[in-house]
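Shown next, in C-alpha cells, is the structure this report addresses.
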Amino acid sequence: MTFAELQESIIRETAPPEGASPVVQALWHDARGDWKRAHECVQDDTSREGSWVHAYLHRKEGDLGNAGYWYARAGKKKPAAGVTLADEWASLARELLAR
C-alpha cells in the first residue's frame, strides 16, 4: 500500500485496508479521529514500530512523559520543536508503509 492509498482509504473506507499491519491500522484510526481505537492497536506492541506509534499517540494526547518513555523504547528522539502532529503522522505512515 502506498501513502496515497492509505490517505484515500481514510477518506473513503469505513475500516482500515485489509491486510494492514496493526501499526498502520492505528494510524488509520487516529486519522479518522478515533484515538482510543488507535491506542488499542498498539497497546501491547513493544516493537520499535509499535513503540513509535504509541509515542506519537501519547504526544497527541498531551501526555508528554509517557510519550517520552515510548520514544525511548522506539529508539527515536522526541520530535523537535515545530514538528507538528500532522508532520509526524505523515513521517510515521511513510516509513511504516515503506517496510
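Please read all numbers here as calculations on a predicted model, not as lab measurements. Values reported hereafter were calculated over all heavy atoms of this structure, with side chains retained and with hydrogens, waters and symmetry mates removed. Numbers for residues simply follow the sequence, beginning at 1.
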Heavy-atom pair of closest approach, residues Ala26 and Ala38: O-CB, 3.1 Å
Over all atoms of both residues, closest heavy-atom pair of Ala74 and Arg48: O-NH1, 2.7 Å
In residues 92-99, what donor-acceptor pairs under 3.5 Å come from side-chain atoms, sequence neighbours left out?
{"from": "Glu95", "atom 1": "OE2", "to": "Arg99", "atom 2": "NH2", "distance (Å)": "2.5"}
{"from": "Arg99", "atom 1": "NH1", "to": "Glu49", "atom 2": "OE2", "distance (Å)": "2.1"}

Passing option when His54 is tested against Trp35, Tyr69, Trp70 for ring pair (Phe, Tyr, Trp, His ring centres under 6.0 Å): Trp70
Joint cluster assignment, Val53 & Val83, ILVMFWY side-chain distance < 4.5 Å: no
Path from Val42 to Leu64 over hydrophobic side-chain contacts below 4.5 Å: no
Side chains of Pro79 and Tyr56 in contact at under 4.5 Å (non-hydrogen atoms): no
Over all atoms of both residues, closest heavy-atom pair of Lys77 and Tyr71: O-CD2, 4.0 Å
Gap separating the CZ atom of Arg32 from the CD1 atom of Ile11, nearest 0.5 angstrom: 9.5 Å
From Gln7 atom CD to Trp89 atom CH2, the distance as rounded to the nearest 0.5 Å: 5.5 Å
CG on Asp30 to NE2 on His39, rounded to 0.5 Å: 11.5 Å
Partner residues of His29 under the ring-ring contact (aromatic ring centres under 6.0 Å, His included) criterion, sequence neighbours left out: none
Side chain to side chain, Trp52 and Glu88, heavy atoms closer than 4.5 Å: yes
Ser9: side-chain contact (heavy atoms from CB on, under 4.5 Å) partners, not counting sequence neighbours: Leu6, Glu13, Pro17, Trp28
Spatial distance of atom CG (Leu27) from atom CG (Leu57) [nearest 0.5 Å]: 7.5 Å
Distance-minimising heavy-atom pair for Ser51 and Arg73: OG-CB, 3.7 Å
Asp34 CG to Glu40 CD distance, which is reported to the nearest 0.5 Å: 7.5 Å
